[in-house]
Amino acid sequence: MAEIAGDESSPPLPTSEGGETSGAPSTSSPSDTSGGGGGEPSPRTSKPGRKRLVLTASVLLSFLIGLPLLLSSTEIHRSPLPSDAIAALSRRLQSNPPSFPYGLHAVFLRSGGAPSEASVANRIGRDISAQLVDLPNVSNAGNTLISVTVESAGGCSSSSNVASHWRCRAVITADLVRGDEVFDELLHSALGGGGGDGMRVYTVVFVESDDVEELRIVIGKHRHAWVVGKVNEAEVASIVGKVFVKYFMNGGAEEGEPGIVKREFMPVGSDGNIVLSFSLLNANPSDWVYDWEFGKIGERMLTPVIEALRPIANINIESQVLYHTPKSSYSYSDEKLGGNVLSMGDIPFFMWGGVVIWNPPGCSLGSKPHGTLDKMPSQELMETIEIFIGQLRQLFGLKSSYHAQSTDSVTKFITSPKGFAQWELDLLYRHHARSNLLSCITTLESLSSLVQSLPRMIVMDEIGRQVELSLEAAGLAQRNASLGIISATRARALAEDAFFHPSIMSISYASIEHYFAIYMPFFAPVSLHVLLAVMKELKRYRVERRKYSAFLVSQAKSS
């Protein structure tokens with residue numbers, strides 16, 4: 001029986017690809033196990049391979065390369081908004097509100113035959129200018145061109161700054177006897193009719209008359225007023241200033257009242273549409289049934305009003321007759337007003353309109369056969385619509401009527417068939433333009449703040465274009481205001497179209513936490529295992545590399 005020598009060793013086995021020995025027996029004793037019993041790890045006689053490490057790292061690298069593609073595929077499109085331009089426009093509107101140019105023309109019709117002198121007109125003009133500067137709440141005094149014309153039998157002279165188309169000798173003192181309405185139209189003709197875009201010229205005519213003991217002031221339905229009586233030059237500036245500021249600029253607001261120019265609200269939406277709905281309510285049609293000829297009378301009376309307000313709003317009219325509509329509130333008798341009335345608290349659903357309670361004459365239960373149909377008399381309907389027009393004036397911030405108020409010696413107002421005098425319409429046009437500019441910049445600032453607070457919010461290119469167009473329209477409206485062109489509707493409409501764009505309501509503008517919550521369940525499990533595998537393989541490679549290095553060191557020492 002052959003014996004094997006103890007110093008003989010088995011032949012070396014072939015090494016595998018990458019330098020690792022396949023199936024090679026360990027040169028250590030059986031008791032030397034790696035990490036076992038506190039002994040030294042088994043030495044490695046061959047260089048560790050990198051195939052497993054490269055394979056594992058390539059899987060991780062494929063995930064890292066695909067990450068930008070994933071982010072780009074889930075990217076939220078955000079059109080850049082001109083936030084700096086919006087803030088600059090807001091500051092400009094606050095520091096320099098839109099100011100419209102005005103012309104103030106004082107005309108003196110004197111009965112004497114002495115020729116008038118231009119120096120007198122210039123002196124009066126300077127006095128009026130000084131008076132306007134001293135009056136409170138005159139923000140546009142510096143934007144007002146003042147001119148004076150003095151007319152007498154001997155001639156007509158004017159100051160250097162003539163801003164009116166006054167035609168001398170077109171109106172004389174004797175025309176007063178023809179009535180205020182006729183005199184109002186004569187003044188309108190003598191002033192050239194006015195109108196159109198550009199500077200609005202307001203005229204105060206002083207008619208010298210010895211037949212009038214007390215000073216009489218009349219406000220016409222166009223852009224002029226007249227004063228009848230004896231007025232000295234010291235009183236002229238005060239009278240002109242009060243008439244111009246209180247009525248032509250502030251709409252007749254009394255001291256302490258806010259006035260229309262300080263209101264920030266206009267009952268007109270961004271689309272400029274208003275619907276006037278008129279309803280005739282029959283509470284109990286079992287005994288009295290009424291109809292009305294609203295299409296024949298009401299619309300004819302309201303057509304001039306609609307045309308006058310067209311630069312502000314596109315007004316549509318609708319009417320209806322409703323039966324079995326009992327009242328939910330009960331009226332009470334008011335002897336001072338001479339009828340039954342309802343308080344505003346009883347009808348809160350009409351803050352946006354008005355109510356007229358009409359009691360037909362002779363109306364009593366059972367006084368007519370059942371089912372008898374009557375029509376509202378034409379005169380009653382006309383009076384009712386006049387009340388509605390007064391209520392509409394109040395909605396726009398004006399007084400329903402000037403006739404019942406104390407008016408600083410103003411004895412009469414000439415009413416217009418349009419429901420609004422021309423100087424009142426000028427007030428509404430200016431206030432509407434200011435309100436639109438304010439609403440425009442407020443909406444744009446809100447949109448800019450909303451976009452900045454939601455980084456995952458979708459902002460389409462159409463929204464960005466609408467914002468830029470709105471800024472351009474607002475800037476143009478502010479520049480045109482100095483030329484007397486009053487319009488800012490497009491700026492507000494574009495701003496609100498951008499703010500209420502349908503894409504803004506998308507659910508994709510969730511927070512970044514929501515974004516990770518959506519995609520982590522798909523990629524976290526696989527990515528975590530790949531990352532752990534790479535870390536584990538890298539750790540194994542380092543351990544095997546240290547073993548091989550230790551083997552090389554031991555070989556070097558033994559040699």
Colleague: Flag the pair T443 / L447 as yes when at least one side-chain heavy-atom distance between them is below 4.5 Å, and no otherwise.
Modeller: no

Colleague: How far does CD1 of I414 sit from NE2 of H224, to the nearest 0.5 angstrom?
Modeller: 8.5 Å

Colleague: Around atom NZ of K536, are there more than 12 heavy atoms from other residues, nucleotides or ligands closer than 6.0 Å?
Modeller: no

Colleague: To the nearest 0.5 Å, tell me how far Y102 OH sits from I146 CD1.
Modeller: 13.5 Å

Colleague: Under the side chain to side chain contact (heavy atoms under 4.5 Å, CB included) rule, what do V467 and I86 come out as? Steps first, then yes or no, please.
Modeller: CA-CA 9 Å; V467 171; I86 295 174; 4.1 Å; yes

Colleague: Using the side chain to side chain contact (heavy atoms under 4.5 Å, CB included) rule, take N316 and I274 through it: C-alpha gap first, then chi angles, then the decisive distance, then the call.
Modeller: CA-CA 6 Å; N316 297 312; I274 295 179; over 6 Å; no

Colleague: Checking side chain to side chain contact (heavy atoms under 4.5 Å, CB included) for the pair L392/L276: CA distance, chi angles, key distance, verdict?
Modeller: CA-CA 9 Å; L392 181 63; L276 297 181; 4.2 Å; yes

Colleague: Within the distance-only criterion (no hydrogens, no angle test), does the side chain of N282 pair as donor or acceptor with the backbone N or O of Y290 below 3.5 angstrom?
Modeller: yes

Colleague: Taking the side chain as every heavy atom from C-beta outward, state whether R434 and F100 have any pair of such atoms under 4.5 Å apart.
Modeller: yes

Colleague: How many angstroms lie between NZ in K418 and CD1 in I389, if you round to the nearest 0.5 Å?
Modeller: 13.5 Å

Colleague: I would like to know whether H501 and E462 meet side-chain hydrogen bond (donor to acceptor under 3.5 Å, both in side chains); could you show each step before the answer?
Modeller: CA-CA 9 Å; H501 195 276; E462 183 179 357; 3.2 Å; yes

Colleague: State whether the side chain of E424 and the backbone N or O of A421 hold a donor-acceptor pair below 3.5 Å, judged by distance alone.
Modeller: yes

Colleague: Using a 3.5 Å distance criterion without hydrogens, assess whether the side chain of S189 forms a donor-acceptor pair with backbone atoms of E185.
Modeller: no

Colleague: Write out all pairs satisfying ring pair (Phe, Tyr, Trp, His ring centres under 6.0 Å) with one or both partners inside residues 463-488, taking only residues at least two apart or from two chains.
Modeller: none

Colleague: Could you please spell out the steps behind the side-chain hydrogen bond (donor to acceptor under 3.5 Å, both in side chains) verdict for S448 and S83?
Modeller: CA-CA 6 Å; S448 178; S83 301; 3.0 Å; yes

Colleague: When you compare the side chain of I219 with that of V243, does any pair of heavy atoms fall below 4.5 Å?
Modeller: yes

Colleague: Classify the ring geometry between H222 and H188 as parallel (under 30°), tilted (30 to 60°) or perpendicular (over 60°).
Modeller: parallel

Colleague: Quick one: do K412 and E181 make a salt bridge, cutoff under 4.0 Å?
Modeller: yes

Colleague: Side-chain contact, heavy-atom cut-off 4.5 Å: V289 with Y323?
Modeller: yes

Colleague: Within a strict 4.5 Å, meaning less than it, do heavy atoms of the L471 and E468 side chains meet?
Modeller: no

Colleague: Are the side chains of S416 and Q422 in touch, meaning some heavy atoms are under 4.5 Å apart?
Modeller: no

Colleague: Give me the atom names and distance for the closest heavy-atom approach of E293 to L381.
Modeller: O-CD2, 3.7 Å

Colleague: Please name the pair of heavy atoms, one in P101 and one in A481, separated by the smallest distance, quoted to 0.1 Å.
Modeller: CD-O, 3.1 Å

Colleague: For the residue pair W166 and H105, categorise the inter-ring angle as parallel (less than 30°), tilted (30 to 60°) or perpendicular (more than 60°).
Modeller: perpendicular

Colleague: Measure from the side-chain N and O atoms of E318 to the backbone N and O of S279, and report whether any donor-acceptor pair falls under 3.5 Å.
Modeller: no

Colleague: Please check: side-chain N/O of T384 versus main-chain N/O of E380, any donor-acceptor pairing under 3.5 Å?
Modeller: yes

Colleague: Would you check if the side chain of S470 reaches a backbone N or O of L494 as a donor-acceptor pair within less than 3.5 Å?
Modeller: no

Colleague: I'd like to know whether S400 forms a side-chain hydrogen bond (donor to acceptor under 3.5 Å, both in side chains) with Q391, so could you lay out the CA-CA distance, the side-chain angles of the two residues, the decisive distance to 0.1 Å, and finally the verdict.
Modeller: CA-CA 6 Å; S400 60; Q391 294 170 345; over 6 Å; no

Colleague: Of all heavy-atom pairs between G220 and W423, which one has the smallest distance, and what is that distance?
Modeller: O-NE1, 3.1 Å

Colleague: Any side-chain heavy atom of F396 sitting closer than 4.5 Å to one from L309?
Modeller: yes

Colleague: Grab the two heavy atoms, one from S319 and one from W292, that are nearest each other, plus how far apart they are.
Modeller: CB-CZ2, 4.4 Å

Colleague: Taking all heavy atoms of R223 and all of F248, pick out the closest pair and write down the distance.
Modeller: C-CZ, 4.3 Å

Colleague: Taking the six-membered ring of F420, is the NZ or CZ of R393 close enough (under 6.0 Å from the centre) and on axis enough (within 45°)?
Modeller: yes

Colleague: Determine whether a donor-acceptor pair (N or O, by modelled atom type, separation under 3.5 Å) exists between the side chain of S449 and the backbone of E445.
Modeller: yes

Colleague: Say you draw a straight line from CD1 of I312 to CG of L428; how long is it, rounded to the nearest 0.5 Å?
Modeller: 4.5 Å

Colleague: Are side-chain heavy atoms of F294 and L280 found at a separation under 4.5 Å?
Modeller: no

Colleague: How many angstroms lie between CD1 in I297 and CD in Q379, if you round to the nearest 0.5 Å?
Modeller: 9.5 Å

Colleague: Could you walk me through whether I306 and I317 pass side chain to side chain contact (heavy atoms under 4.5 Å, CB included), step by step?
Modeller: CA-CA 9 Å; I306 294 174; I317 300 177; 3.1 Å; yes

Colleague: Applying salt bridge (Lys or Arg N to Asp or Glu O under 4.0 Å), can you list everything that pairs with E472, at least two apart in sequence or on another chain?
Modeller: none

Colleague: Can you give me the closest heavy-atom contact between A474 and C440, atom names plus distance?
Modeller: CB-SG, 4.1 Å

Colleague: Output yes when a side-chain donor or acceptor of S453 lies under 3.5 Å from a complementary backbone atom of L450, and no otherwise.
Modeller: yes

Colleague: Taking distance alone, no hydrogens or angles, what donor-acceptor pairs closer than 3.5 Å link side-chain atoms of residues 54-65 to residues at least two apart or in another chain?
Modeller:
unit_1 : atom_1 : unit_2 : atom_2 : d
T56    : OG1    : R52    : O      : 2.8
S58    : OG     : V54    : O      : 3.3
S58    : OG     : L55    : O      : 2.6
S62    : OG     : V59    : O      : 2.5

Colleague: Using 0.5 Å steps for rounding, measure from the CG atom of L302 to the CZ atom of F388.
Modeller: 10.0 Å

Colleague: Given 3.5 Å as the limit, does a donor-acceptor pair link the side chain of R78 with the main chain of M457, or not?
Modeller: yes

